[in-house]
Undergrad: 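One structure coming up, written as structure tokens, with questions to follow.
Sequential numbering from 1 along the given sequence is applied to the chain's residues.
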Amino acid sequence: MDDQHSKPSLPVPVTNTKQQAWFTNERLNLLLALCAIVISAASFYATYLQASAAERQVKAATWPWLEVISGNFNDQEKVAEIALKITNSGSGPAIIKYVQYFHNDQSYVDIFSLIKDCCFDVYAYEKQLLELQEKSPKINFFEQFGWLFTSESQNRLLAAGTSISLLNFKRTSFNDTQWQTVDKQRFKISTSICYCSLLEQCYISDGRGTVSEVEHCALND
């Protein structure tokens, strides 16, 4: 006789013994996406390296290098002549923004003011020559007596391998004292040249081999 109070039996859960595959479509898509990101990053880095190398090549091909050369003898004319000039020894043209001179802790942008302070009164010398020139206009007293010839250097384009004369002063029997004074003092004169390349990269040179890159050319008082 069945027991009316017996508990009904519970269903036994069925265990799925089949192991789920690890390499699913979702994981495959994720792996492919990660590979695409890595390849894109590597391609971007390679492009960056190529662009950086190309930029350095262009910069090197257009890089100006300015130096100041000083001498006291004109080898072509075989005469004693003080010369001060800027030479572009670089591979590209330079746009000279300004030239600044220094002597005894004083700065100058006008070379005549520099000569007046360091060597002799160039303005009084010019006045005397002008007076002589007016009395005898057929004689070139500036050439005969020896004058300080200069050229404008501000905002000048200087091609590679060319020069700009800052000062030329020939020695004569009339200006021997002044000439010797300038010749001695020229070694105490230093320069600061600010210039830019055609790519608008700017530099400051002391004219003796030290060049520093700057954002722009600003003249210091």
Side-chain angles (χ1 to χ4, degrees), residues 53-120 122 146-171 175 178-221:
E55 182 181 359
R56 288 195 298 268
Q57 290 178 353
V58 173
K59 184 177 179 179
T62 59
W63 186 46
W65 177 278
L66 301 191
E67 55 185 345
V68 176
I69 299 176
S70 175
N72 62 0
F73 188 78
N74 188 324
D75 190 58
Q76 293 182 346
E77 299 183 10
K78 305 300 180 183
V79 295
E81 180 181 21
I82 297 173
L84 191 68
K85 64 181 180 180
I86 300 176
T87 298
N88 184 358
S89 302
S91 55
I95 304 173
I96 301 177
K97 298 298 184 178
Y98 68 79
V99 180
Q100 194 170 15
Y101 306 93
F102 300 92
H103 182 268
N104 288 343
D105 298 326
Q106 296 291 325
S107 63
Y108 305 85
V109 291
D110 178 27
I111 198 167
F112 276 6
S113 298
L114 166 65
I115 297 298
K116 180 180 181 298
D117 289 350
C118 79
C119 307
F120 67 94
V122 64
W147 177 241
L148 295 89
F149 292 97
T150 63
S151 60
E152 182 63 40
S153 59
Q154 316 290 350
N155 298 315
R156 290 283 300 274
L157 179 64
L158 184 60
T162 61
S163 301
I164 290 179
S165 295
L166 299 174
L167 174 68
N168 291 91
F169 190 28
K170 286 185 179 181
R171 186 179 187 176
N175 68 6
Q178 294 90 338
W179 190 93
Q180 290 192 46
T181 303
V182 175
D183 189 39
K184 292 177 181 178
Q185 292 297 320
R186 66 187 174 92
F187 296 103
K188 300 178 182 180
I189 299 172
S190 60
T191 57
S192 177
I193 311 165
C194 195
Y195 61 96
C196 301
S197 69
L198 295 182
L199 298 179
E200 296 184 353
Q201 294 168 322
C202 299
Y203 309 89
I204 287 184
S205 171
D206 65 352
R208 301 177 181 178
T210 301
V211 178
S212 303
E213 189 167 355
V214 294
E215 292 185 2
H216 60 277
C217 289
L219 183 61
N220 296 322
D221 296 331

Undergrad: Working to the nearest 0.5 Å, report the span between CD1 of I96 and CD1 of I164.
TA: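 Spacing of CD1 (I96) from CD1 (I164) equals 4.0 Å.
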Undergrad: Does the pair D117 and Y108 meet the rule for a side-chain hydrogen bond (donor to acceptor under 3.5 Å, both in side chains), with working shown?
TA: CA-CA 10 Å; D117 289 350; Y108 305 85; 2.7 Å; yes
Undergrad: It should be assessed whether the SG atoms of C196 and C202 lie less than 2.5 angstrom apart.
TA: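 Yes.
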Undergrad: Answer yes or no: is there a side-chain heavy-atom contact under 4.5 Å between N168 and E81?
TA: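 When only atoms from C-beta onward are counted, E81 and N168 do touch, with a gap below 4.5 Å.
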Undergrad: Is there side-chain contact between Y101 and V68, with heavy atoms separated by less than 4.5 Å?
TA: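 Answer no - side chains too far apart.
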Undergrad: Find the distance between CH2 (W65) and OG (S205) and round it off to the nearest 0.5 Å.
TA: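 Between atom CH2 of W65 and atom OG of S205 there are 7.0 Å.
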Undergrad: Could you check whether any side-chain heavy atom of I111 comes within less than 4.5 Å of a side-chain heavy atom of L84, counting everything from C-beta outward?
TA: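 Of all side-chain heavy-atom pairs linking L84 with I111, at least one is under 4.5 Å.
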Undergrad: For a 4.5 angstrom cut-off between non-hydrogen side-chain atoms, does P93 reach L198?
TA: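 Sidechains of L198 and P93: in contact.
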Undergrad: Take S190 and D206 through the test side chain to side chain contact (heavy atoms under 4.5 Å, CB included) and record every step on the way to the result.
TA: CA-CA 7 Å; S190 60; D206 65 352; over 6 Å; no
Undergrad: With a 4.5 Å limit on heavy-atom distance, are the side chains of S153 and L166 in contact?
TA: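 Sidechains of L166 and S153: in contact.
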Undergrad: Do the non-hydrogen side-chain atoms of Y195 and I86 ever get within less than 4.5 Å of each other?
TA: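 No, every pair of side-chain atoms sits at 4.5 Å or beyond.
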Undergrad: Taking C-beta and beyond as the side chain, do I204 and T210 meet within less than 4.5 Å on heavy atoms?
TA: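 SC-SC contact between I204 and T210 ruled out.
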Undergrad: Are the side chains of F169 and D183 in touch, meaning some heavy atoms are under 4.5 Å apart?
TA: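 Counting from C-beta outward, F169 and D183 never come under 4.5 Å.
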Undergrad: List the steps, then state whether side chain to side chain contact (heavy atoms under 4.5 Å, CB included) holds for W179 with N72.
TA: CA-CA 10 Å; W179 190 93; N72 62 0; 4.1 Å; yes
